[in-house]
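Take a look at the structure set out below.
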Amino acid sequence: MAKVITARSEDYSKWYGDIVTNANMAEHSAVRGCMVIKPHGFAIWEKMRDQLDKMFKDTGHVNAYFPLFIPKSFLSREAEHVEGFAKECAVVTHHRLMSDPNGKGLIVDPEAKLEEELIVRPTSETIIWDTYKNWINSYRDLPLLINQWANVVRWEMRTRMFLRTTEFLWQEGHTAHATREEAVEEAKQMQKVYAQFAEEWMAMPVIQGSKTVNERFAGAEETWTIEALMQDGKALQAGTSHFLAQNFAKAFDVKFLNENNKEEYVWATSWGVSTRLVGGLIMTHSDDDGLVLPPKLAPTQVVIVPIPKPKVEIDEVAEKIMKELRAKGVSVKYDTDKKKRPGFKFAEHELHGVPVRLGIGMRDIENGQVEVARRDTKEKTSQPLEGISSYIVDLLDDIQNNLFNRAVQFRTEHTTSVDNFDDFKNVLEEKSGFISAHWDGSTETELKIKELTKASARCIPNDFEEEEGKCVLTGKPSKGRILFAKAY
RNA sequence: CGGGGUGUGGCGCAGUCCGGUUAGCGCACCUGCUUUGGGAGCAGGGGGCCGCAGGUUCGAAUCCUGCCACCCCGACCA
């Protein structure tokens with residue numbers, strides 16, 4: 001069999017689709033815009049979810065679950081929020097089907113029309129704040145730190161597996177606080193949690209920053225974001241954390257009595273990451289041979305391939321290695337399939353992104369060695385059997401670090417400061433990536449830049465430095481550089 | 001919703017223009033033998049309402065009409 005993956009240089013978009021399908025991550029379903037997440041893809045999402053869940057709990061949050069359906073009227077309570085989501089909602093209008101009196105099949109029973117339509121949640125602020133109203137009476141009830149793992153539906157025009165699907169899996173944190181300062185701190189904290197997860201677990205470097213007014217979440221006073229750079233030079237918004245001020249508290253009348261027995265509106269945050277992260281993971285590390293996974297998120301970290309096939313002597317060595325590795329917390333599989341030849345298995349495990357592959361044949365056993373192949377660099381070496389498990393533990397660490405450093409280097413090479421609009425356009429055209437440029441701060445200019453170049457304002461970096469300059473488009477005074485890029 | 005395209009075994013396609021045996025091919029799948037240190041070879045085998053519904057015709061994957069679905073490019077978005 002030849003290559004099954006389209007080369008990135010040939011067609012990046014096709015490459016991405018090939019990775020997703022051929023690495024058994026997901027496939028298109030019978031439902032428009034919705035994917036089936038297959039076991040391998042789901043296993044990666046599970047690893048992400050477990051780690052994030054732990055990090056949320058370590059920062060004091062608890063999980064709960066709110067309904068899939070939201071009464072239509074709830075959505076209109078917060079003006080900007082409805083504006084942002086109304087155009088992409090799935091709506092439930094009836095609750096019953098009947099057989100078609102004129103023929104075969106089923107029709108919607110017109111008698112079963114709902115008095116109030118239900119929206120399939122595109123996000124849960126409204127239903128949650130309507131609930132919080134009953135949960136919060138006193139400052140003693142605050143802060144309320146709740147997270148939900150859920151599916152949501154946004155009826156997008158165009159979809160791409162993991163990056164933008166009609167239904168997607170995510171978590172949404174919704175917290176309530178007594179003061180503005182505390183809520184702002186919470187939102188910033190969660191941005192840091194996301195950044196830490198992205199960098200330490202996904203080995204995906206991110207820029208932490210805040211969104212421009214135009215790019216802000218519908219209903220937020222401030223949106224913090226983590227922005228990653230994909231291999232094709234496009235940015236991916238990988239996670240957002242919003243300071244919602246008292247907007248939802250006012251819309252849903254959520255007040256509390258403070259220590260002085262005075263009524264106040266509650267301050268809110270919400271924050272989320274989704275299965276989109278899986279797409280980001282793919283586009284950060286993978287190559288033309290298939291998926292490349294950071295060891296910390298790889299469902300199987302080490303695979304052992306018997307050469308040419310299982311045999312008592314090889315089995316014994318493999319069992320011993322597996323036992324040692326498992327004792328060290330490494331997930332390992334022994335590929336005992338007798339029908340596939342070694343070469344096929346090598347290619348297959350590379351396609352699936354297994355970080356380390358061990359090859360063991362009689363030749364190796366005689367020499368007291370195993371063949372160690374790392375997925376990130378595709379290097380192969382022979383290592384002594386003695387002490388192999390410690391070697392692998394170190395190697396997994398090394399791979400994790402190497403992937404991160406490689407991605408950082410790519411991002412550094414693809415981040416360009418420009419001082420005029422021609423350079424701005426040229427850089428976008430020729431090498432793409434992040435562009436650091438002065439901007440006059442107006443939404444009008446931001447939109448104009450987007451219209452002219454398709455690059456959007458990604459964020460105002462948290463480490464924004466004051467620097468006198470001129471807006472790259474209008475020449476008006478600017479107080480510092482922000483990041484632009486074409487984005488997913 | 002605008003522009004373009006495609007619907008043929010699980011997947012990828014040929015055949016359609018110009019109607020005519022039993023609808024082919026590659027991959028995958030099943031069986032057997034030989035292989036096995038980078039995607040094995042040979043032999044045999046299973047699997048199709050040709051997107052759906054009408055129509056034209058002695059005869060339709062092929063021509064006509066209508067519908068549906070999906071993909072790509074735009075506007076929207078995590």
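Below, all heavy atoms of this structure are taken into account, side chains as well, without hydrogens, waters or symmetry copies. A quick note: this is a predicted structure, and the numbers were derived from the prediction, not measured. Below, chains carry the letters A, B, ... as their sequence lines are ordered, and counting in each starts from 1.
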Using the P atom as the point on both nucleotides, what is the distance between B/C63 and B/U8, in whole Å? 16 Å

Taking any strand in view, what nucleotide pairs with B/G9 in a Watson-Crick or G-U wobble way, both distances under 3.5 Å? none

Using the C1' atom on both, measure B/A23 against B/G9 and round to a whole Å. 11 Å

Which part of the nucleic acid, if any, lies within reach of A/Arg160 when heavy atoms closer than 4.0 Å are counted: base, sugar-phosphate only, or nothing? nothing

Nearest-Å distance once atom C1' is located in both B/G15 and B/C76: 41 Å

Which value, in whole Å, describes the distance between the C1' atoms of nucleotides B/G7 and B/C50? 10 Å

Any side-chain heavy-atom pair of A/Asn63 and A/Gln148 under 4.5 Å: no

Assigned partner base of B/C42, Watson-Crick or wobble definition, under 3.5 Å: B/G32

Any salt bridge linking A/Glu200 with A/Lys296? Criterion: basic side-chain nitrogen under 4.0 Å from a carboxylate oxygen. no

For residues A/Trp129 and A/His81, establish whether the separation of their ring centroids is below 6.0 Å. no

Mind checking A/Glu156 for me? I need base, sugar-phosphate or nothing, with any heavy atom below 4.0 Å counting as a touch. base

Name the nucleic acid region contacted by A/Glu172, choosing base, sugar-phosphate or nothing; use a 4.0 angstrom heavy-atom cut-off, strictly under. nothing

Nearest-angstrom distance, C1' atom, B/G74 to B/A14: 32 Å

With a 4.0 Å cut-off on N to O distance, would you call A/Lys38 and A/Glu27 a salt bridge? yes

